[in-house]
Protein chains: 2
Amino acid sequence: MVVPMKSDFEAQLRAVSLRVTRPRLAVLSALRDHPHVDTDAVLSLVRADHPTVSHQAVYDVLRALTDTGLVRRIQPAGATARYELRVRDNHHHAVCRTCGAIADVDCADGLAPCLTASDDHGFVIDEAEVVYWGTCPECVTHSSEGS
Amino acid sequence: MVVPMKSDFEAQLRAVSLRVTRPRLAVLSALRDHPHVDTDAVLSLVRADHPTVSHQAVYDVLRALTDTGLVRRIQPAGATARYELRVRDNHHHAVCRTCGAIADVDCADGLAPCLTASDDHGFVIDEAEVVYWGTCPECVTHSSEGS
DNA sequence: GCACGAAACTTGAACGATTCCAGAAAGGGG
DNA sequence: CCCCTTTCTGGAATCGTTCAAGTTTCGTGC
């Protein structure tokens, strides 16, 4: 298993000079077990173990973790923010227009596709984010059943 | 000039069976003159000519126009929704992390880059949206000045 | 040119996600 | 073990967006 354990999270936090706190460890654990969850789901998951954690703490923690790069924020248009543990390979996401489900998608062109814009207008680009919009297998099935 | 005129907007609206109303023409004009504006800016622009237009009307119009494909909604993570007149070439956007400025970027690979995910997990993908995150020329200048 | 039904607009309130604030608690270097 | 700073708690405020009721306007058919 390559799944990070509690102690790993502790090391990761210290590595970016963040204090090791219960809420933070709980959030990291929640994200390890449930990728692509939104803030509310994180809160529920965290409270399963630590009922006293405030929603504000979860917002603070998620912000601190995204700012330091431990966690990646995904925010498809029109949906609430979702989070996943940051992994080095820059993979992208397929988002279902119907139910909002998110799946990981590896880069088509090996690494960092389209990272170099043809004409960048002087922008200094550090990341290319790709969202594949479509319909997930389940919703495809359901909609075809209905026809 | 290839800029659409009022009469063109009228034809476009009729083409998608939408009624031709003053608010709709005003919104289209505003977007023609100011690409990448948010709802609030659209409202201001529209009210310059038609002071009585309600904010709700602008939301309705923008929704109707995006639903019918006349207008494209852009919603970078953490920012409010922005809109631009839909153009056929599927171009993408460079977004400044500092000031939120948006610039059009043509596809690096000719058309529709990365539209085919390597493993789509059964998703039926109809669009690949690419956001280039970085720093715009102005913010680059300002930050280097400060150092 | 006029009336009628449906679509669109106005006004105003409600809503959900996120942020701000002040005070209490807890991490961790000395 | 203490103190200072960071973090957390609780609650209110904010922002963008949407919902709802009633009125106006578009555009088709007479």
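Below, each value reflects all heavy atoms present in this structure, side chains not excepted, and no hydrogens, waters or symmetry copies. Within every chain, numbering begins at 1; the chains are lettered A, B, ... in the order of the sequence lines, protein sequences first and strands thereafter.
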*Under 3.5 Å, is there a donor-acceptor pair between the side chain of A:Arg73 and the main chain of A:Ala81?*
no

Of B:Leu18 and B:Gln75, the one whose nearest nucleotide on DNA chain D sits closer to the 5' end is B:Gln75

Separation of C:dC15 atom P from B:Gln56 atom CD, nearest Å, is 15 Å

Heavy-atom nearest pair, A:Ala128 first then B:Tyr132, reads CB-CD2, 4.0 Å

note: A:Asp67, atom CG; D:dT7, atom C1'; distance rounded to Å ~ 15 Å

Taken to the nearest whole Å, CZ/A:Arg63 to P/C:dA17 is 17 Å

**OP:** Describe the nucleic acid contact of B:Thr21 in one word from base, sugar-phosphate, nothing, applying a heavy-atom distance below 4.0 Å.
**Re:** sugar-phosphate

Taken to the nearest whole Å, CZ/A:Arg24 to P/C:dG27 is 11 Å

To the nearest angstrom, the CD1-P distance between A:Ile74 and C:dA17 comes to 17 Å

Atom CZ of A:Arg73 and atom P of C:dA17 are separated, to the nearest Å, by 15 Å

Contacts of B:Asp38 and A:His55 projected onto DNA chain D by closest heavy atom; the upstream (5') one is A:His55

Walking DNA chain C from its 5' end, the first of B:Pro23 and B:Arg19 to be reached, judged by nearest nucleotide, is B:Arg19

C:dA8 OP1/OP2 closer than 4.0 Å to side-chain N/O of B:Arg22 | no

Rounded to whole Å, the CG-P distance (A:Asp40 to C:dC15) equals 17 Å

Is it the case that B:Asp60 and B:Gln56 place a side-chain donor and acceptor less than 3.5 Å from each other? yes

Residues A:Arg82 and A:His36: closest non-hydrogen pair is NH1-O, 2.6 Å

Rounded to whole Å, the CZ-P distance (A:Arg14 to C:dG27) equals 11 Å

Reckon A:Thr39 has a side-chain N or O less than 4.0 Å from the OP1 or OP2 of C:dT18?
-> yes

message = By the 4.0 Å heavy-atom rule, please label B:Ala81 as base, sugar-phosphate, or nothing.
response = sugar-phosphate

Inset, instruction - Verify, without hydrogens or angle tests, whether A:His121 (side chain) and B:Asp104 (backbone) share a donor-acceptor contact under 3.5 angstrom. - result: yes

Does a nitrogen or oxygen in the side chain of A:Tyr59 sit under 4.0 Å from OP1 or OP2 of C:dT18? yes

